[in-house]
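Single-structure report; data block below.
The first residue in the sequence is number 1, and the count goes up from there.
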Amino acid sequence: MESSPNPNTNPNSNPTRIQNPVSSQIAALWPTIDGSLGLSEEESVSYARRFYKFGFALLPFLWAVNCFYFWPVLRDSHSFPRIRPYIVGSAIGFAIFMAIISSWALTFSIGGERLFGPVWNKLVMYNLADKLGLTGWS
């Protein structure tokens, strides 16, 4: 009668951890989505910083571009520590911007004249276009 050295171990489990070598190499080697065709790490820091700062200049969609272009940095939390703060900041900034613009758009479209009262006619763009004669159908 054979007994196993540790009765709590599962004989079917694999004790070694298998990692995906392709995804870890891409995340570790290249900070941009275009891999070896993209920017070096030094250039990436400069571009990420610029996109992050210009996002505050009323261009928040640059934050979205920053997150998309540096997706490997955003995906892997342990790679490129010099670039990561700009990418995470861009992701947070874009999320806040989208929450604000979405809430404004929903408030404006759902609330309408009931919410804004008589000011509604001054706020709506199609009324402004009618007043200026830009519609062509009046």
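Residues satisfying the side-chain contact (heavy atoms from CB on, under 4.5 Å) criterion with Val88, sequence neighbours excluded, are Leu74, Arg84, Ile92. With sequence neighbours left out, Ile100 forms a side-chain contact (heavy atoms from CB on, under 4.5 Å) with Ile96. Phe61 pairs by the ring-ring contact (aromatic ring centres under 6.0 Å, His included) definition with Phe94, Phe97, not counting sequence neighbours.
In the hydrophobic cluster analysis, where Ile, Leu, Val, Met, Phe, Trp and Tyr join through side-chain heavy atoms closer than 4.5 angstrom, Val65 is grouped apart from Ile87. Using a 4.5 Å cut-off between side-chain heavy atoms of Ile, Leu, Val, Met, Phe, Trp and Tyr, with links allowed through other members, Phe80 and Phe68 fall into the same hydrophobic cluster.
Residue pairs meeting the side-chain hydrogen bond (donor to acceptor under 3.5 Å, both in side chains) criterion with at least one member in residues 97-109, sequence neighbours excluded, do not occur. Within the structure, side-chain hydrogen bond (donor to acceptor under 3.5 Å, both in side chains) pairs that include any residue of residues 48-72 comprise Asp34-Tyr69, Ser46-Arg50, Arg49-Tyr86, Asn66-Ser90 (at least two apart or interchain).
Between Ser40 and Pro31, the shortest heavy-atom distance links the atoms O-CG, 4.5 Å. The heavy-atom pair separating Phe51 from Leu62 by the smallest distance is O-CB, 4.0 Å. When all heavy atoms are compared, the tightest approach of Ile33 to Pro72 is CG2-CD, 3.7 Å. Of all non-hydrogen atoms in Val45 and Ile83, the two that sit nearest each other are CG2-CG1, 3.5 Å.
Counting non-hydrogen atoms of neighbouring residues, nucleotides and ligands closer than 6.0 angstrom, the CZ atom of Phe54 reaches no more than 12 such neighbours.
Under the 4.5 Å side-chain criterion, counting only non-hydrogen atoms from C-beta, Trp120 is in contact with Phe108.
Residue Ile110 shares its hydrophobic cluster (ILVMFWY side chains chained together at separations under 4.5 Å) with Leu106.
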